[in-house]
Structures are given as structure tokens and as C-alpha cells.
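Treat the numbers as computed from the prediction; the structure is a model and nothing was measured. Letters A, B, ... are given to chains in the order of the sequence lines, protein chains preceding strands, and every chain is numbered from 1.
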2 protein chains.
Amino acid sequence: MRDRSSKSSYHTVDVVLVTAMGNELAILFTRSTSDRERWSLPWKAAQGAETLDATATRIAQDVLGEPPTWIEQISAFADGKRHPGNADISVAFVGLVPHETASPRPGNTWFPVGDLPPLSPRQRSMVEGSMRIIQARLDQAPIAFRLLPPTFTLGELQQLYELLLSKRLHKASFRRALQAAWLVEPTDEWRSEGRGRPAQLYRYAPKKRRRSHRGVRFDLLHP
Amino acid sequence: MRDRSSKSSYHTVDVVLVTAMGNELAILFTRSTSDRERWSLPWKAAQGAETLDATATRIAQDVLGEPPTWIEQISAFADGKRHPGNADISVAFVGLVPHETASPRPGNTWFPVGDLPPLSPRQRSMVEGSMRIIQARLDQAPIAFRLLPPTFTLGELQQLYELLLSKRLHKASFRRALQAAWLVEPTDEWRSEGRGRPAQLYRYAPKKRRRSHRGVRFDLLHP
DNA sequence: GACTTTAGTCACAAAAGGTGACTAATTCGG
DNA sequence: CCGAATTAGTCACCTTTTGTGACTAAAGTC
């Protein structure tokens with residue numbers, strides 16, 4: 001993330017690291033090297049030898065100490081919008097991290113998505129893009145499980161889905177659907193959380209299941 | 001798509017143009033400028049002033065005479081794989097075109113996806129990526145309608161879905177789901193196709209409809 | 001006019017999904 | 001020690017959605 005006076009064409013890799021902090025999603029920011037009062041998404045100039053995914057993982061590891069549990073390219077950005085490194089092209093990635101195991105290195109902080117610091121226009125587009133991708137992947141990839149620690153209660157899982165969908169879910173329906181999908185298996189541990197009956201801990205363990213037998217889905221279109 | 005001896009860092013925009021040709025999807029290829037015996041996806045060096053989307057649309061327009069009915073960025077590619085222009089980074093787009101209105105300019109040809117010409121490794125990844133995106137967008141965006149002419153019969157629409165899903169669909173279910181989604185409206189025209197009762201023509205005309213009331217969908221995950 | 005072919009609809013059964021009420025296991029306050 | 005409060009987990013019922021075969025409709029063919 002060194003400064004580089006704009007010399008010929010060069011490109012960066014930027015990473016939007018997302019976690020679930022309590023009742024809100026949060027994104028990781030780094031103090032800008034040029035202006036210590038400003039924050040930016042972690043980024044680096046791309047290395048020619050490395051794949052873009054490898055670069056993105058390395059950037060995440062540098063700020064978090066460990067790689068994200070899931071990472072995906074959002075898009076390349078090349079419009080006229082300003083970028084902190086003045087890059088011609090920036091390739092943005094979104095990565096997920098369970099909040100429990102994610103302790104940012106000094107100089108890096110989680111900001112709740114509802115209260116982000118001022119940002120360069122290009123990086124703002126990246127944040128928006130990462131939110132869109134998370135929404136879109138929610139029922140295609142096991143995103144929710146990548147935001148939770150290895151074992152979790154079904155209550156935690158449901159709360160996370162309610163956060164990601166911004167919608168209350170009914171307990172019985174949620175569990176019935178989860179069972180039908182063969183995505184989790186119970187451990188033999190239970191967690192007592194203050195008062196109330198202890199909750200059983202589950203782990204993400206998807207089983208092969210026969211290909212869905214359903215027809216077309218017009219209902220998800222155009223939301 | 002000019003030749004350019006690899007000089008410092010530069011990037012290209014490549015476009016995968018897809019159409020539905022009879023019972024198969026087809027992709028548009030251009031004769032390579034350097035080796036007239038080889039084919040490649042249409043590509044150009046990116047212009048600094050233009051957005052990536054604008055460049056992609058322009059490239060498509062240059063080979064087809066008109067812009068695609070839908071276009072979306074697939075991804076940026078920067079691994080060591082070879083690219084016909086020796087670009088460091090290539091940003092790939094997928095575009096859709098109805099076959100009826102798409103007449104490629106001389107030097108460009110549709111190849112059915114089952115029988116593609118030899119391709120540089122990077123462009124092969126782009127073709128694979130475009131197929132993945134089309135599959136994934138199928139129930140999120142009105143992709144199918146962008147592969148059909150302005151008016152079409154419900155039989156044609158269903159056949160296209162069967163092609164895209166590689167799966168037979170039941171006529172009554174298909175139409176019931178289509179009606180519930182308020183996506184098409186009938187015109188007052190009918191088309192007689194040889195023998196059999198004539199089919200009514202429809203047009204794509206999505207109506208606003210209340211947000212779906214459903215809970216989570218675990219069933220689409222991990223296919 | 002009878003037969004074939006394709007379009008379009010209906011009605012029933014099966015599956016999936018929404019919902020409130022129930023049981024279970026724990027803490028807390030007396 | 002006992003009952004209220006609290007959170008977890010399940011059940012049963014009903015509604016909605018979806019799969020499916022059979023039906024009617026309108027054209028061409030012989």
C-alpha cells in the first residue's frame with residue numbers, strides 16, 4: 001500500500017473484508033499511509049507474478065493475521081473515480097471473516113456499515129458492490145456459515161440470516177428448511193447462555209443431496 | 001484489437017457474446033488479426049477515458065452492428081495464462097443477443113458452445129465464466145427474455161428455458177409460474193407455425209409486484 | 001370428415017411453507 | 001424448594017405452491 005506517483009499504467013487489488021458484529025455487518029478499514037486521519041479499504045499494487053485471488057488473500061492476511069473464510073472477486077473498476085492509490089484499474093474482492101476469530105492488526109478497525117468513514121468514490125462503489133454480492137450469494141453459497149465460528153447454535157444462525165435478509169424469520173420454518181437441506185450436523189455439546197434452556201451446538205457439514213427436482217423460479221427475478 | 005508488442009503494463013477488455021441458435025447456445029468469434037487461421041473472442045486495449053462497460057459495449061457494437069440487449073462484467077483475469085494480446089489484465093464481459101436480430105459483421109462467426117475453436121487459456125476461462133454467470137443469473141435477471149426477439153410465443157420461451165436449464169419443463173407449471181410473476185403480457189397477434197393451432201405472441205413487460213413473502217431458501221445452495 | 005399436430009387450460013394430488021401452541025431445560029427471586 | 005420467567009426445541013394444522021395427466025381448441029393433412 002505504498003505511495004506511488006502515477007507513472008504509466010498500473011493496477012491495484014482492493015479488499016472489502018466483512019464480518020458480523022453483533023446486530024450489524026462491519027467492514028475493515030486501514031489508516032491511510034499518506035494521511036493518518038483518513039481511512040481506506042486495504043489495497044496493494046498487484047504483483048505481476050501472482051493471481052489476483054492470491055494477492056487479495058495476502059492483503060487480507062496482512063491486516064487480519066489469517067485468511068478470510070471465503071473470498072470472491074467483485075469486479076474491476078476503472079472509471080474516472082478517484083482511488084487512494086491513483087490506480088487506473090482496481091480489482092475489488094469481498095472476503096468474509098467470523099467476528100470471533102478476527103482480531104485486526106494495529107492500525108485496522110471494524111466500522112459498522114451504517115457508520116462508515118469518508119471514502120474515495122471508487123472504494124465507495126466497492127463497498128456497495130460487496131453488499132450486493134453478499135445479498136445475491138446468500139442463497140447460492142454458504143455465506144452465512146462463513147461468518148460464524150466452527151460451531152454455533154441454531155439461534156445464532158437464524159439471527160445472522162435475519163441480519164443478512166433484514167427480515168424476521170419464523171423459528172419452526174427456519175429449522176425445517178435447514179433440516180431438509182442437510183447443511184448442518186449437531187455436535188454433542190451444549191451451550192448455556194445465561195438463563196433459559198441451553199442450546200445445542202451445530203457445525204456446518206453439508207451432505208450430498210439429490211439435485212433439486214423443481215422447475216423454473218421466476219419469483220426471485222428483478223428484486 | 002491491434003497488435004501491440006508487450007510494452008509496460010496494459011489491459012484489455014474482452015467480450016463473450018452469447019446467443020441462442022436453435023437448440024444450442026453459441027458464442028461469437030473473430031478472426032485473429034495476426035494469424036488469420038485462428039479465432040479469438042473480440043477484444044481491445046482499454047481506453048483510459050472510457051468506463052469498462054462502455055468499452056465492452058463498443059466492442060460488441062463493432063462486431064455486431066448493434067449493442068447487446070444485456071451485458072455484465074464477468075471478472076478480471078490476470079493469471080499467467082496467455083492472452084492473444086499479451087495483456088497483463090483482461091476484464092471480461094458477457095453480453096446477450098437475440099439470434100434473430102444479430103448478423104455478425106464479416107470476419108465474425110457464431111460457434112455453438114459444444115464445438116468451439118481452439119482458444120487461448122485465458123479466453124477459455126472467460127467462456128467458462130460466462131456460462132457460469134448465465135446459469136447463476138437465470139433466476140435473478142431477465143436473461144431469457146434478452147435472448148428472444150421483442151415478441152415471442154410461450155413455447156419459444158419455454159424451449160429457451162429448457163435449453164438454459166438443460167431440463168425438460170412441464171407446460172402447465174411453466175405457464176402458471178410465469179403468470180404469477182407478471183413478466184409478460186399478450187399482444188393481439190398470433191403466429192401459425194405449419195400445422196397445429198397458432199400460438200399467441202407475448203412481449204416482455206414486467207409489472208411491479210409485491211416483494212416475495214417467503215423465508216430462507218437453503219435449497220438453491222451448493223448445486 | 002377423421003386424424004394428426006401444436007396451443008392452451010383445468011383439476012387434483014403431493015409437497016413445501018407459515019404459524020401458533022405446545023414441551024423442555026435452565027436461571028432467578030422468593 | 002417452588003413457581004415465574006426465559007430461551008430452546010418440536011408439533012400439528014392449515015394455506016399456498018407445485019407436479020402432473022387429462023382435457024379442450026384450432027389449425028393442417030389426407
Exercise for the section: Take atom CD of A/Gln159 and atom P of D/dG9, then tell me their distance rounded to the nearest Å. Expected result: 12 Å
Practice task
Rounded to the nearest angstrom, tell me the gap between atom NZ in A/Lys171 and atom P in C/dC22.
Solution key: 14 Å
Practice task
Tell me what A/Ala172 touches on the nucleic acid: a base, only sugar-phosphate, or nothing, going by heavy atoms under 4.0 Å.
Solution key: base
Exercise for the section: Can you check whether any acceptor in the base of C/dG17 is under 3.5 Å from a donor in the side chain of B/Arg217, or vice versa? Expected result: no
Exercise for the section: Quickly work out the B/Arg175 CZ to C/dA7 P distance and round it to whole Å. Expected result: 8 Å
Exercise for the section: Quickly work out the A/Leu169 CG to C/dG17 C1' distance and round it to whole Å. Expected result: 13 Å
Exercise for the section: Write down the distance between CD (B/Gln158) and P (C/dT9), rounded to a whole number of angstrom. Expected result: 13 Å
Exercise for the section: Flag the pair B/Glu37 and B/Arg31 as a salt bridge only when some basic side-chain nitrogen lies within less than 4.0 angstrom of an acidic carboxylate oxygen. Expected result: no
Exercise for the section: Check the distance between D/dT17's P and B/Phe174's CZ and give it to me in whole angstrom. Expected result: 18 Å
Handout entry: Side-chain-base donor-acceptor pair under 3.5 Å for B/Arg176 and C/dG8
Key = no
Practice task
State, without any angle test, whether A/Thr151 and A/Thr187 hold a side-chain donor-acceptor pair at a distance under 3.5 Å.
Solution key: no
Problem - Upstream residue (5' side of DNA chain C) when A/Gly196 and B/Glu193 are each assigned their closest nucleotide - result: B/Glu193
Exercise for the section: Measure the distance from CZ on A/Arg195 to P on C/dA24 and round it to the nearest whole Å. Expected result: 22 Å
Exercise for the section: Please state whether the base of C/dG20 and the side chain of A/His170 form at least one donor-acceptor pair under 3.5 Å? Expected result: yes
Fill in the blank from the handout: Between B/Arg214 and B/Ser173, whichever has its closest DNA chain C nucleotide further toward 5' is B/Ser173
Problem - Proximal nucleotide (of C/dG8, D/dG21, D/dT18) relative to the B/Ala199 side chain - result: C/dG8
Problem - Atom-to-atom span, CD of B/Gln200 to C1' of C/dT9 - whole angstrom - result: 13 Å
Exercise for the section: Kindly state whether the ring of A/Phe111 and the ring of A/Trp39 have centres lying under 6.0 angstrom apart. Expected result: yes
Practice task
For A/Gly215, answer base if it contacts any base atom (sugar-phosphate contacts may also be present), sugar-phosphate if it contacts only those atoms, and nothing otherwise; contact means non-hydrogen atoms under 4.0 Å.
Solution key: sugar-phosphate
Practice task
Inspect the contact between A/Glu72 and A/Arg137 and indicate whether a charged nitrogen and a carboxylate oxygen are less than 4.0 angstrom apart.
Solution key: yes
Fill in the blank from the handout: From the candidates D/dC11, D/dG19, C/dA25, the one with an atom nearest any side-chain atom of A/His213 is D/dG19
Exercise for the section: Ignoring the backbone of B/Leu154, work out which of C/dG20, C/dG8, C/dT9 is nearest its side chain. Expected result: C/dG8
Problem - Ring geometry between B/Phe145 and B/Tyr161 (parallel below 30°, tilted from 30 to 60°, perpendicular above 60°) - result: perpendicular
Practice task
Would you mind classifying the nucleic acid contact of B/Gly194 as base, sugar-phosphate or nothing, using non-hydrogen atoms under 4.0 angstrom?
Solution key: sugar-phosphate
Practice task
Would you mind checking if B/Arg211 and A/Asp219 are paired as a salt bridge, meaning a charged N to carboxylate O distance below 4.0 Å?
Solution key: no
Problem - Phosphate OP1/OP2 of C/dT5 contacted by B/Arg197 side-chain N/O (<4.0 Å) - result: no
Practice task
Using a heavy-atom cut-off of under 4.0 Å over every strand shown, decide if B/Ala177 touches base, sugar-phosphate, or nothing.
Solution key: nothing
